[in-house]
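Lettering follows sequence order; numbering is per chain, from 1.
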Amino acid sequence: MLIRMLLASALVSASLVSFAAPVSRFNYLSVSIAPADPATRADRDVAVDVVFTNTGDTPISVVKWFMPDGEPEGDLFLLSRNGEAVPYVGPVIKRAAPTAHDMITLQPGESLTRTAELSGLYDLSQSGVYTIQYGVASAHVFGQPRSGRLGNRVSPDLTTQFDADDSARLTTVFSNETSKFIEGRKDSSSIASVLQKTPSALETILTQSIAYSGRCSASQQSAIVSAASAAQTMANGAVNYLNGTPKASARYTTWFGTFSTANWNEVKGHYVNIKTELDSKPVVYDCSCKKSYYAYVYPTQPYKIYLCNAFWTAPLTGTDSKGGTIIHESSHFNVNAGTQDYAYGQTAAKSLAISNPSQARFNADSHEYFAENTPALQ
Amino acid sequence: MNTLPFRKLIIAIAMAACFFLMPMASVAEPVQPEFKLDCAMRAPHHVRVGNPVPLTFDLHNRGDKAVAVLMRNTPFEGFLSQYLTIVGPRGRLDYGGAMVKRGPAGAGEYLRIRAHTKRTRTINIGAVYAFDTPGKYRIQFTGNLQDVTLQKGPSLPDELRPQTLTCAEIVIDIVPGKV
(Lines give C-alpha, C1' and ligand atoms only; values in the text may rest on other atoms or scores of the structure.)
Protein backbone atom coordinates (compact mmCIF):
# COMPACT_ATOMS: atom_id res chain seq x y z
CA MET A 1 0.00 0.00 0.00
CA LEU A 2 2.82 2.40 0.89
CA ILE A 3 4.50 1.74 -2.42
CA ARG A 4 1.23 2.39 -4.22
CA MET A 5 0.79 5.71 -2.39
CA LEU A 6 4.35 6.67 -3.29
CA LEU A 7 3.70 5.73 -6.88
CA ALA A 8 0.55 7.81 -6.95
CA SER A 9 2.30 10.85 -5.48
CA ALA A 10 5.18 10.36 -7.85
CA LEU A 11 2.80 10.41 -10.77
CA VAL A 12 1.38 13.76 -9.61
CA SER A 13 4.79 15.31 -9.01
CA ALA A 14 6.03 14.06 -12.36
CA SER A 15 3.32 15.99 -14.09
CA LEU A 16 4.52 19.14 -12.36
CA VAL A 17 8.21 18.73 -13.06
CA SER A 18 8.18 17.28 -16.49
CA PHE A 19 10.30 20.13 -17.78
CA ALA A 20 12.96 19.93 -15.09
CA ALA A 21 16.44 20.62 -16.39
CA PRO A 22 18.70 17.59 -16.77
CA VAL A 23 21.62 17.13 -14.37
CA SER A 24 24.96 15.44 -14.87
CA ARG A 25 24.09 11.94 -13.56
CA PHE A 26 21.31 11.01 -15.89
CA ASN A 27 19.82 7.68 -16.88
CA TYR A 28 17.30 7.28 -19.62
CA LEU A 29 15.12 4.21 -19.36
CA SER A 30 12.05 4.38 -21.50
CA VAL A 31 9.33 1.89 -20.65
CA SER A 32 6.38 1.48 -22.96
CA ILE A 33 3.49 -0.91 -22.66
CA ALA A 34 0.96 -2.30 -25.12
CA PRO A 35 -1.69 -4.98 -24.76
CA ALA A 36 -1.04 -8.22 -26.62
CA ASP A 37 -4.66 -8.00 -27.81
CA PRO A 38 -7.40 -5.36 -27.35
CA ALA A 39 -9.78 -7.64 -25.47
CA THR A 40 -9.31 -10.81 -23.45
CA ARG A 41 -11.88 -13.52 -22.78
CA ALA A 42 -12.20 -14.91 -19.29
CA ASP A 43 -10.52 -18.18 -20.20
CA ARG A 44 -7.47 -16.50 -21.73
CA ASP A 45 -4.35 -15.08 -20.19
CA VAL A 46 -4.17 -11.30 -19.82
CA ALA A 47 -0.89 -10.49 -21.50
CA VAL A 48 0.80 -7.15 -21.99
CA ASP A 49 4.02 -6.44 -23.80
CA VAL A 50 6.48 -4.24 -21.96
CA VAL A 51 9.38 -2.70 -23.87
CA PHE A 52 12.41 -1.40 -21.96
CA THR A 53 14.68 0.90 -23.97
CA ASN A 54 17.88 2.63 -23.01
CA THR A 55 17.52 6.00 -24.67
CA GLY A 56 20.67 7.41 -23.11
CA ASP A 57 24.29 7.27 -24.22
CA THR A 58 25.65 5.07 -21.44
CA PRO A 59 24.78 1.49 -20.46
CA ILE A 60 22.06 0.98 -17.84
CA SER A 61 21.92 -2.00 -15.50
CA VAL A 62 18.42 -2.82 -14.36
CA VAL A 63 17.60 -5.33 -11.63
CA LYS A 64 15.98 -8.21 -13.47
CA TRP A 65 13.01 -8.70 -11.20
CA PHE A 66 11.67 -5.36 -12.35
CA MET A 67 11.45 -6.83 -15.85
CA PRO A 68 8.60 -9.36 -16.01
CA ASP A 69 9.61 -12.63 -17.64
CA GLY A 70 6.73 -15.02 -17.07
CA GLU A 71 7.54 -15.73 -13.45
CA PRO A 72 5.72 -13.84 -10.71
CA GLU A 73 7.95 -10.89 -9.92
CA GLY A 74 5.68 -8.94 -7.60
CA ASP A 75 3.52 -5.87 -8.03
CA LEU A 76 4.94 -4.21 -11.17
CA PHE A 77 1.77 -2.67 -12.61
CA LEU A 78 -0.90 -0.13 -11.76
CA LEU A 79 -4.34 -1.28 -12.84
CA SER A 80 -7.62 0.57 -12.59
CA ARG A 81 -11.15 -0.05 -13.78
CA ASN A 82 -13.65 2.79 -14.00
CA GLY A 83 -11.21 4.98 -12.11
CA GLU A 84 -10.96 2.53 -9.20
CA ALA A 85 -7.59 1.03 -8.35
CA VAL A 86 -7.48 -2.74 -8.87
CA PRO A 87 -5.81 -4.56 -5.97
CA TYR A 88 -2.76 -6.76 -6.41
CA VAL A 89 -3.48 -10.31 -5.24
CA GLY A 90 -0.27 -12.08 -6.33
CA PRO A 91 2.65 -13.24 -4.22
CA VAL A 92 4.68 -10.81 -2.17
CA ILE A 93 8.27 -11.80 -2.66
CA LYS A 94 10.97 -11.19 -0.09
CA ARG A 95 14.36 -10.74 -1.73
CA ALA A 96 17.91 -10.16 -0.68
CA ALA A 97 19.72 -7.08 -1.98
CA PRO A 98 20.47 -7.56 -5.69
CA THR A 99 23.91 -8.72 -6.75
CA ALA A 100 25.71 -8.51 -10.09
CA HIS A 101 23.96 -11.71 -11.17
CA ASP A 102 20.61 -10.02 -10.78
CA MET A 103 21.34 -7.29 -13.34
CA ILE A 104 20.35 -6.98 -16.96
CA THR A 105 22.39 -4.41 -18.85
CA LEU A 106 20.93 -2.42 -21.71
CA GLN A 107 23.42 -0.80 -24.04
CA PRO A 108 22.64 2.67 -25.45
CA GLY A 109 19.76 2.33 -27.87
CA GLU A 110 19.09 -1.28 -26.90
CA SER A 111 15.53 -2.49 -26.26
CA LEU A 112 14.23 -5.51 -24.43
CA THR A 113 10.64 -6.72 -24.81
CA ARG A 114 9.02 -8.75 -22.08
CA THR A 115 5.52 -10.20 -21.96
CA ALA A 116 3.80 -10.06 -18.61
CA GLU A 117 0.84 -12.24 -17.66
CA LEU A 118 -1.47 -10.42 -15.27
CA SER A 119 -4.28 -12.88 -14.54
CA GLY A 120 -3.71 -14.41 -11.15
CA LEU A 121 -1.78 -11.32 -10.05
CA TYR A 122 -4.54 -8.72 -9.97
CA ASP A 123 -8.21 -8.87 -9.06
CA LEU A 124 -9.73 -9.24 -12.51
CA SER A 125 -13.03 -10.64 -11.30
CA GLN A 126 -15.08 -7.89 -12.90
CA SER A 127 -15.54 -7.38 -16.62
CA GLY A 128 -14.67 -3.94 -17.96
CA VAL A 129 -12.09 -1.71 -19.55
CA TYR A 130 -8.93 -1.80 -17.50
CA THR A 131 -6.21 0.85 -17.59
CA ILE A 132 -2.79 -0.72 -17.21
CA GLN A 133 0.49 0.99 -16.52
CA TYR A 134 3.92 -0.34 -15.60
CA GLY A 135 5.01 1.37 -12.40
CA VAL A 136 7.59 0.48 -9.79
CA ALA A 137 9.06 2.24 -6.80
CA SER A 138 12.20 0.85 -5.25
CA ALA A 139 15.63 1.83 -4.05
CA HIS A 140 17.09 -0.98 -6.16
CA VAL A 141 15.80 -0.54 -9.70
CA PHE A 142 19.23 0.22 -11.09
CA GLY A 143 22.38 -1.69 -10.59
CA GLN A 144 24.88 0.97 -9.68
CA PRO A 145 24.59 2.96 -6.50
CA ARG A 146 23.76 6.52 -7.18
CA SER A 147 24.86 9.47 -5.14
CA GLY A 148 23.69 13.01 -4.87
CA ARG A 149 20.36 14.49 -5.65
CA LEU A 150 18.96 13.29 -8.93
CA GLY A 151 15.88 15.40 -9.15
CA ASN A 152 12.99 14.46 -11.35
CA ARG A 153 13.46 13.48 -14.94
CA VAL A 154 11.40 12.93 -17.95
CA SER A 155 12.93 10.94 -20.71
CA PRO A 156 12.63 12.33 -24.21
CA ASP A 157 9.57 10.29 -25.10
CA LEU A 158 7.79 11.49 -21.96
CA THR A 159 6.96 7.95 -20.93
CA THR A 160 9.34 7.48 -18.05
CA GLN A 161 10.14 9.51 -15.01
CA PHE A 162 12.94 9.04 -12.53
CA ASP A 163 12.47 10.30 -9.05
CA ALA A 164 14.98 9.88 -6.28
CA ASP A 165 13.82 10.52 -2.78
CA ASP A 166 16.61 11.97 -0.69
CA SER A 167 15.77 10.04 2.43
CA ALA A 168 14.92 6.64 1.00
CA ARG A 169 16.66 6.86 -2.39
CA LEU A 170 13.46 5.55 -3.88
CA THR A 171 13.39 5.37 -7.63
CA THR A 172 10.12 5.32 -9.51
CA VAL A 173 9.73 4.18 -13.07
CA PHE A 174 6.54 4.48 -15.08
CA SER A 175 5.40 3.57 -18.52
CA ASN A 176 2.62 5.00 -20.60
CA GLU A 177 -0.94 3.85 -19.90
CA THR A 178 -2.79 1.43 -22.05
CA SER A 179 -6.34 0.10 -21.97
CA LYS A 180 -7.98 -3.17 -22.80
CA PHE A 181 -11.25 -4.92 -22.19
CA ILE A 182 -10.95 -7.85 -19.82
CA GLU A 183 -13.75 -10.29 -19.24
CA GLY A 184 -14.15 -10.98 -15.52
CA ARG A 185 -12.34 -14.08 -14.34
CA LYS A 186 -14.55 -15.57 -11.65
CA ASP A 187 -18.06 -14.35 -12.46
CA SER A 188 -20.75 -16.23 -14.33
CA SER A 189 -19.39 -15.19 -17.70
CA SER A 190 -16.10 -16.87 -16.80
CA ILE A 191 -17.83 -20.11 -15.99
CA ALA A 192 -19.89 -19.81 -19.13
CA SER A 193 -16.82 -19.51 -21.29
CA VAL A 194 -15.27 -22.58 -19.68
CA LEU A 195 -18.47 -24.52 -20.20
CA GLN A 196 -18.54 -23.56 -23.85
CA LYS A 197 -15.27 -25.41 -24.22
CA THR A 198 -15.94 -28.24 -21.78
CA PRO A 199 -19.67 -28.79 -21.16
CA SER A 200 -18.91 -31.84 -19.07
CA ALA A 201 -17.32 -29.54 -16.51
CA LEU A 202 -20.76 -28.32 -15.43
CA GLU A 203 -21.14 -30.86 -12.66
CA THR A 204 -17.63 -30.21 -11.49
CA ILE A 205 -18.09 -26.50 -11.17
CA LEU A 206 -21.42 -26.82 -9.45
CA THR A 207 -20.36 -29.32 -6.83
CA GLN A 208 -16.61 -29.06 -6.42
CA SER A 209 -14.73 -26.47 -4.51
CA ILE A 210 -11.66 -25.67 -6.56
CA ALA A 211 -9.17 -23.05 -5.47
CA TYR A 212 -5.88 -22.00 -6.99
CA SER A 213 -2.53 -20.96 -5.63
CA GLY A 214 0.90 -20.38 -7.08
CA ARG A 215 -0.34 -17.96 -9.71
CA CYS A 216 -2.34 -20.16 -12.05
CA SER A 217 -2.96 -18.37 -15.33
CA ALA A 218 -6.43 -18.24 -16.84
CA SER A 219 -5.59 -20.99 -19.34
CA GLN A 220 -4.18 -23.14 -16.54
CA GLN A 221 -7.31 -22.62 -14.47
CA SER A 222 -9.40 -23.68 -17.42
CA ALA A 223 -7.24 -26.80 -17.88
CA ILE A 224 -7.57 -27.61 -14.18
CA VAL A 225 -11.37 -27.41 -14.27
CA SER A 226 -11.43 -29.83 -17.20
CA ALA A 227 -8.88 -32.14 -15.55
CA ALA A 228 -10.80 -32.18 -12.26
CA SER A 229 -13.94 -33.08 -14.15
CA ALA A 230 -12.12 -35.89 -15.96
CA ALA A 231 -10.74 -37.17 -12.65
CA GLN A 232 -14.21 -37.10 -11.16
CA THR A 233 -15.50 -39.19 -14.06
CA MET A 234 -12.65 -41.67 -13.56
CA ALA A 235 -13.28 -41.93 -9.81
CA ASN A 236 -17.00 -42.46 -10.42
CA GLY A 237 -16.20 -45.15 -12.96
CA ALA A 238 -13.84 -46.94 -10.57
CA VAL A 239 -16.33 -46.86 -7.69
CA ASN A 240 -19.21 -48.03 -9.89
CA TYR A 241 -17.07 -50.89 -11.18
CA LEU A 242 -15.97 -51.94 -7.70
CA ASN A 243 -19.55 -51.73 -6.43
CA GLY A 244 -20.22 -54.68 -8.70
CA THR A 245 -19.76 -58.29 -7.69
CA PRO A 246 -16.18 -58.88 -6.54
CA LYS A 247 -14.38 -61.21 -8.90
CA ALA A 248 -10.97 -61.94 -10.37
CA SER A 249 -11.62 -59.73 -13.37
CA ALA A 250 -8.95 -58.76 -15.87
CA ARG A 251 -9.22 -55.11 -14.87
CA TYR A 252 -8.72 -55.83 -11.17
CA THR A 253 -5.99 -58.44 -11.40
CA THR A 254 -4.01 -56.54 -14.05
CA TRP A 255 -3.44 -53.62 -11.69
CA PHE A 256 -3.89 -55.07 -8.20
CA GLY A 257 -2.92 -58.71 -8.59
CA THR A 258 -4.25 -61.61 -6.57
CA PHE A 259 -7.99 -61.40 -6.06
CA SER A 260 -9.79 -61.78 -2.79
CA THR A 261 -12.97 -60.10 -1.63
CA ALA A 262 -11.05 -58.42 1.17
CA ASN A 263 -8.46 -57.03 -1.25
CA TRP A 264 -11.22 -55.86 -3.60
CA ASN A 265 -12.99 -54.03 -0.80
CA GLU A 266 -9.77 -52.47 0.41
CA VAL A 267 -9.15 -50.96 -3.03
CA LYS A 268 -12.79 -49.92 -3.29
CA GLY A 269 -12.42 -47.99 -0.04
CA HIS A 270 -9.54 -46.03 -1.57
CA TYR A 271 -11.63 -44.96 -4.55
CA VAL A 272 -14.62 -44.06 -2.39
CA ASN A 273 -12.34 -41.67 -0.48
CA ILE A 274 -10.89 -40.22 -3.69
CA LYS A 275 -14.38 -39.76 -5.12
CA THR A 276 -15.49 -37.97 -1.93
CA GLU A 277 -12.50 -35.64 -2.22
CA LEU A 278 -13.20 -34.80 -5.84
CA ASP A 279 -16.94 -34.45 -5.28
CA SER A 280 -17.08 -32.35 -2.19
CA LYS A 281 -13.74 -31.42 -0.61
CA PRO A 282 -11.98 -28.08 -1.10
CA VAL A 283 -9.14 -28.99 -3.44
CA VAL A 284 -6.35 -26.46 -4.00
CA TYR A 285 -4.36 -26.69 -7.22
CA ASP A 286 -0.98 -24.96 -7.15
CA CYS A 287 0.73 -23.90 -10.38
CA SER A 288 4.08 -22.71 -9.05
CA CYS A 289 6.05 -25.91 -9.80
CA LYS A 290 8.38 -25.62 -12.81
CA LYS A 291 9.99 -29.07 -12.49
CA SER A 292 9.69 -31.76 -15.14
CA TYR A 293 7.43 -33.88 -12.92
CA TYR A 294 3.71 -34.33 -13.50
CA ALA A 295 2.72 -33.31 -10.00
CA TYR A 296 3.35 -33.83 -6.32
CA VAL A 297 1.60 -33.67 -2.97
CA TYR A 298 2.40 -33.85 0.70
CA PRO A 299 0.41 -36.85 1.97
CA THR A 300 -0.27 -35.19 5.30
CA GLN A 301 -1.65 -32.05 3.67
CA PRO A 302 -4.94 -32.80 1.94
CA TYR A 303 -6.15 -31.57 -0.50
CA LYS A 304 -3.44 -29.48 -2.11
CA ILE A 305 -2.01 -30.72 -5.39
CA TYR A 306 1.08 -29.14 -6.96
CA LEU A 307 0.98 -29.33 -10.75
CA CYS A 308 4.27 -29.38 -12.68
CA ASN A 309 5.42 -29.14 -16.31
CA ALA A 310 4.48 -32.64 -17.55
CA PHE A 311 0.91 -32.16 -16.33
CA TRP A 312 0.21 -29.29 -18.71
CA THR A 313 1.20 -31.26 -21.80
CA ALA A 314 -0.53 -34.49 -20.77
CA PRO A 315 -3.77 -35.52 -22.53
CA LEU A 316 -6.99 -34.89 -20.65
CA THR A 317 -7.87 -38.60 -20.38
CA GLY A 318 -6.17 -41.92 -21.06
CA THR A 319 -2.81 -43.21 -19.88
CA ASP A 320 -0.76 -40.75 -17.81
CA SER A 321 -3.38 -38.09 -18.41
CA LYS A 322 -4.31 -34.95 -16.52
CA GLY A 323 -7.34 -36.65 -15.00
CA GLY A 324 -5.31 -39.72 -14.08
CA THR A 325 -2.59 -37.59 -12.52
CA ILE A 326 -5.18 -36.11 -10.15
CA ILE A 327 -6.29 -39.64 -9.22
CA HIS A 328 -2.64 -40.60 -8.63
CA GLU A 329 -1.95 -37.61 -6.41
CA SER A 330 -5.24 -37.91 -4.52
CA SER A 331 -4.42 -41.52 -3.68
CA HIS A 332 -1.28 -40.33 -1.86
CA PHE A 333 -3.21 -38.38 0.75
CA ASN A 334 -3.19 -40.35 3.98
CA VAL A 335 -6.88 -39.59 4.49
CA ASN A 336 -7.67 -41.27 1.15
CA ALA A 337 -5.37 -44.25 0.64
CA GLY A 338 -1.85 -43.29 1.72
CA THR A 339 -0.34 -44.86 -1.37
CA GLN A 340 3.37 -45.07 -2.16
CA ASP A 341 5.32 -44.94 -5.41
CA TYR A 342 6.61 -48.49 -5.51
CA ALA A 343 6.52 -48.58 -9.32
CA TYR A 344 6.07 -45.98 -12.05
CA GLY A 345 4.63 -46.66 -15.51
CA GLN A 346 2.22 -49.25 -16.86
CA THR A 347 4.77 -51.99 -17.42
CA ALA A 348 6.26 -51.72 -13.94
CA ALA A 349 2.80 -51.45 -12.35
CA LYS A 350 1.65 -54.63 -14.11
CA SER A 351 4.77 -56.44 -12.95
CA LEU A 352 4.20 -55.24 -9.40
CA ALA A 353 0.66 -56.64 -9.46
CA ILE A 354 2.17 -60.06 -10.21
CA SER A 355 5.20 -59.92 -7.95
CA ASN A 356 3.79 -58.06 -4.96
CA PRO A 357 -0.01 -57.56 -4.87
CA SER A 358 0.03 -56.08 -1.38
CA GLN A 359 2.30 -53.29 -2.63
CA ALA A 360 0.22 -52.91 -5.80
CA ARG A 361 -2.86 -52.19 -3.68
CA PHE A 362 -0.93 -49.27 -2.21
CA ASN A 363 0.82 -48.09 -5.36
CA ALA A 364 -0.31 -44.73 -6.73
CA ASP A 365 0.24 -45.48 -10.42
CA SER A 366 -1.75 -48.73 -10.06
CA HIS A 367 -4.69 -46.65 -8.83
CA GLU A 368 -4.24 -44.23 -11.69
CA TYR A 369 -4.13 -46.91 -14.39
CA PHE A 370 -7.10 -48.81 -12.98
CA ALA A 371 -9.11 -45.56 -13.06
CA GLU A 372 -7.90 -44.48 -16.50
CA ASN A 373 -8.64 -48.01 -17.78
CA THR A 374 -6.75 -47.53 -21.03
CA PRO A 375 -6.89 -49.79 -22.94
CA ALA A 376 -10.24 -50.74 -21.50
CA LEU A 377 -10.40 -53.97 -19.52
CA GLN A 378 -13.53 -55.67 -18.19
CA MET B 1 4.29 -107.66 -33.77
CA ASN B 2 6.17 -105.32 -36.02
CA THR B 3 6.77 -102.15 -33.98
CA LEU B 4 9.14 -100.45 -36.44
CA PRO B 5 6.62 -98.02 -38.00
CA PHE B 6 5.46 -97.02 -34.54
CA ARG B 7 9.08 -96.38 -33.41
CA LYS B 8 9.77 -94.33 -36.53
CA LEU B 9 6.71 -92.25 -35.76
CA ILE B 10 7.86 -91.63 -32.18
CA ILE B 11 11.36 -90.69 -33.36
CA ALA B 12 9.95 -88.35 -35.98
CA ILE B 13 7.75 -86.62 -33.42
CA ALA B 14 10.67 -86.33 -31.00
CA MET B 15 12.94 -84.84 -33.69
CA ALA B 16 10.26 -82.40 -34.72
CA ALA B 17 9.75 -81.37 -31.14
CA CYS B 18 13.48 -80.80 -30.72
CA PHE B 19 13.57 -78.77 -33.91
CA PHE B 20 10.83 -76.42 -32.77
CA LEU B 21 11.58 -76.29 -29.07
CA MET B 22 15.34 -75.76 -29.12
CA PRO B 23 15.28 -72.19 -30.44
CA MET B 24 12.39 -71.34 -28.11
CA ALA B 25 14.31 -72.65 -25.16
CA SER B 26 17.31 -70.50 -25.93
CA VAL B 27 15.13 -67.37 -26.27
CA ALA B 28 13.13 -68.07 -23.14
CA GLU B 29 16.22 -68.17 -20.95
CA PRO B 30 17.14 -64.55 -20.34
CA VAL B 31 20.58 -63.92 -19.04
CA GLN B 32 19.82 -62.36 -15.69
CA PRO B 33 22.87 -60.55 -14.39
CA GLU B 34 23.27 -60.96 -10.71
CA PHE B 35 23.46 -57.57 -9.09
CA LYS B 36 25.00 -58.01 -5.71
CA LEU B 37 23.74 -54.90 -3.99
CA ASP B 38 23.10 -54.43 -0.32
CA CYS B 39 22.53 -51.51 1.95
CA ALA B 40 23.15 -50.33 5.47
CA MET B 41 21.81 -47.47 7.55
CA ARG B 42 23.64 -45.60 10.27
CA ALA B 43 22.55 -42.93 12.70
CA PRO B 44 23.57 -41.56 16.11
CA HIS B 45 22.35 -43.72 18.97
CA HIS B 46 21.05 -40.70 20.86
CA VAL B 47 19.58 -37.49 19.48
CA ARG B 48 18.08 -34.68 21.51
CA VAL B 49 14.50 -33.67 20.83
CA GLY B 50 14.44 -30.86 18.29
CA ASN B 51 17.90 -31.54 16.89
CA PRO B 52 18.51 -32.75 13.32
CA VAL B 53 18.32 -36.53 12.93
CA PRO B 54 21.02 -37.52 10.43
CA LEU B 55 20.59 -40.88 8.72
CA THR B 56 23.44 -42.21 6.62
CA PHE B 57 22.56 -44.67 3.88
CA ASP B 58 25.23 -46.86 2.27
CA LEU B 59 24.61 -48.76 -0.95
CA HIS B 60 27.29 -51.38 -1.64
CA ASN B 61 28.00 -52.95 -4.99
CA ARG B 62 29.52 -56.34 -4.10
CA GLY B 63 29.59 -57.44 -7.72
CA ASP B 64 32.47 -57.48 -10.19
CA LYS B 65 30.92 -54.97 -12.58
CA ALA B 66 29.92 -51.34 -12.24
CA VAL B 67 26.16 -50.82 -12.13
CA ALA B 68 23.83 -47.87 -12.49
CA VAL B 69 20.98 -47.62 -9.99
CA LEU B 70 17.84 -45.54 -10.39
CA MET B 71 17.82 -43.30 -7.33
CA ARG B 72 14.04 -43.06 -7.06
CA ASN B 73 12.56 -44.35 -3.85
CA THR B 74 15.92 -44.20 -2.06
CA PRO B 75 17.65 -41.58 0.12
CA PHE B 76 19.85 -40.65 -2.84
CA GLU B 77 17.08 -38.51 -4.29
CA GLY B 78 16.21 -36.71 -1.06
CA PHE B 79 12.58 -36.61 -0.03
CA LEU B 80 10.53 -37.19 -3.17
CA SER B 81 9.03 -40.51 -2.08
CA GLN B 82 8.44 -42.46 1.09
CA TYR B 83 11.06 -45.16 1.54
CA LEU B 84 11.25 -45.34 5.33
CA THR B 85 8.85 -46.73 7.89
CA ILE B 86 9.46 -45.26 11.32
CA VAL B 87 7.72 -46.42 14.45
CA GLY B 88 8.13 -44.42 17.64
CA PRO B 89 6.67 -44.47 21.14
CA ARG B 90 3.34 -43.20 19.81
CA GLY B 91 3.14 -45.47 16.82
CA ARG B 92 3.99 -45.01 13.18
CA LEU B 93 5.21 -41.56 12.15
CA ASP B 94 3.63 -39.69 9.26
CA TYR B 95 5.93 -38.85 6.38
CA GLY B 96 5.91 -35.09 5.87
CA GLY B 97 7.82 -34.96 2.58
CA ALA B 98 6.61 -34.88 -1.00
CA MET B 99 5.26 -37.69 -3.19
CA VAL B 100 6.03 -37.02 -6.84
CA LYS B 101 4.51 -38.46 -10.01
CA ARG B 102 7.19 -38.73 -12.67
CA GLY B 103 7.56 -39.87 -16.23
CA PRO B 104 10.28 -42.12 -17.66
CA ALA B 105 13.58 -41.87 -15.82
CA GLY B 106 16.29 -39.62 -17.18
CA ALA B 107 20.03 -40.27 -17.22
CA GLY B 108 20.55 -37.82 -14.38
CA GLU B 109 18.46 -39.98 -12.07
CA TYR B 110 20.94 -42.87 -12.06
CA LEU B 111 23.73 -43.40 -9.57
CA ARG B 112 26.78 -45.24 -10.86
CA ILE B 113 28.52 -47.54 -8.40
CA ARG B 114 31.83 -49.11 -9.35
CA ALA B 115 32.53 -52.76 -8.58
CA HIS B 116 33.25 -53.47 -4.92
CA THR B 117 32.57 -49.90 -3.84
CA LYS B 118 29.78 -48.12 -2.06
CA ARG B 119 27.95 -44.83 -2.40
CA THR B 120 26.77 -42.95 0.65
CA ARG B 121 24.19 -40.28 1.32
CA THR B 122 23.30 -38.61 4.62
CA ILE B 123 19.87 -37.03 5.01
CA ASN B 124 18.19 -35.24 7.89
CA ILE B 125 15.08 -37.32 8.46
CA GLY B 126 14.08 -34.90 11.19
CA ALA B 127 13.06 -32.57 8.37
CA VAL B 128 10.17 -34.80 7.30
CA TYR B 129 9.40 -36.91 10.39
CA ALA B 130 8.40 -35.51 13.77
CA PHE B 131 10.73 -36.93 16.40
CA ASP B 132 9.03 -34.82 19.03
CA THR B 133 8.55 -37.41 21.74
CA PRO B 134 11.43 -38.92 23.71
CA GLY B 135 11.78 -42.66 23.26
CA LYS B 136 13.05 -45.30 20.90
CA TYR B 137 12.33 -45.07 17.17
CA ARG B 138 12.69 -48.10 14.90
CA ILE B 139 13.66 -47.19 11.34
CA GLN B 140 13.13 -49.59 8.45
CA PHE B 141 14.03 -49.07 4.82
CA THR B 142 10.92 -49.94 2.80
CA GLY B 143 12.00 -48.53 -0.55
CA ASN B 144 13.31 -50.54 -3.45
CA LEU B 145 15.52 -50.19 -6.47
CA GLN B 146 13.23 -49.50 -9.39
CA ASP B 147 15.95 -50.15 -11.95
CA VAL B 148 19.46 -51.59 -11.90
CA THR B 149 21.41 -51.73 -15.12
CA LEU B 150 24.87 -52.28 -16.50
CA GLN B 151 24.38 -49.74 -19.26
CA LYS B 152 25.27 -46.07 -18.94
CA GLY B 153 22.07 -44.56 -20.27
CA PRO B 154 18.62 -44.81 -18.72
CA SER B 155 16.54 -47.93 -19.32
CA LEU B 156 13.43 -47.77 -21.44
CA PRO B 157 10.19 -47.95 -19.43
CA ASP B 158 9.58 -51.52 -20.62
CA GLU B 159 13.10 -52.60 -19.71
CA LEU B 160 13.32 -51.57 -16.07
CA ARG B 161 14.87 -54.18 -13.80
CA PRO B 162 13.60 -53.59 -10.27
CA GLN B 163 15.35 -55.20 -7.39
CA THR B 164 14.43 -55.51 -3.76
CA LEU B 165 16.85 -54.09 -1.25
CA THR B 166 17.00 -55.13 2.36
CA CYS B 167 18.72 -53.09 5.04
CA ALA B 168 19.00 -54.00 8.68
CA GLU B 169 16.62 -52.02 10.89
CA ILE B 170 18.18 -49.42 13.16
CA VAL B 171 16.99 -47.80 16.37
CA ILE B 172 17.48 -44.20 17.46
CA ASP B 173 16.89 -43.04 20.99
CA ILE B 174 15.40 -39.57 21.12
CA VAL B 175 16.26 -38.04 24.46
CA PRO B 176 14.85 -34.99 26.22
CA GLY B 177 16.88 -31.87 26.00
CA LYS B 178 17.03 -28.28 24.96
CA VAL B 179 15.42 -27.54 21.63
Please flag which part of [X] lies under 4.5 Å from any non-hydrogen atom of chain B: side chain, backbone, both or neither.
| X | answer |
| --- | --- |
| A/Tyr306 | neither |
| A/Ala343 | backbone |
| A/Gln346 | neither |
| A/Asp365 | side chain |

What option among [options] has the most heavy-atom pairs under 4.5 Å with chain A?
| options | value |
| --- | --- |
| B/Gly97, B/Gly106, B/Gly96 | B/Gly97 |
| B/Thr142, B/Asp147, B/Val100 | B/Val100 |
| B/Asp158, B/Val128, B/Leu160 | B/Asp158 |

How many angstroms lie between atom CZ of B/Arg102 and atom SG of A/Cys308, to the nearest 0.5 angstrom? 11.0 Å
In terms of heavy-atom proximity below 4.5 Å to chain A, should B/Pro157 be classed as side chain, backbone, both, or neither? backbone
If one checks every heavy atom of B/Gln82 against chain A at 4.5 Å, the contacting part turns out to be both
Checking an interface table here. Which of residues 326-339 of chain A come within a heavy-atom distance under 4.5 Å of chain B? A/His328, A/Glu329, A/His332, A/Asn334, A/Thr339
Sorted by number, residues from residues 293-302 of chain A in contact with chain B (heavy atoms, under 4.5 Å): A/Tyr293, A/Tyr294, A/Ala295, A/Tyr296, A/Val297, A/Tyr298, A/Pro299, A/Thr300
If you draw a 6.0 Å radius around CD in B/Gln151, do more than 12 non-hydrogen atoms from other residues or ligands fall strictly inside? yes
Other residues, nucleotides and ligands only: do more than 12 of their heavy atoms fall within 6.0 Å of CZ on B/Arg112? yes
B/Lys101/A/Asp341 ion pair, N-O < 4.0 Å: no
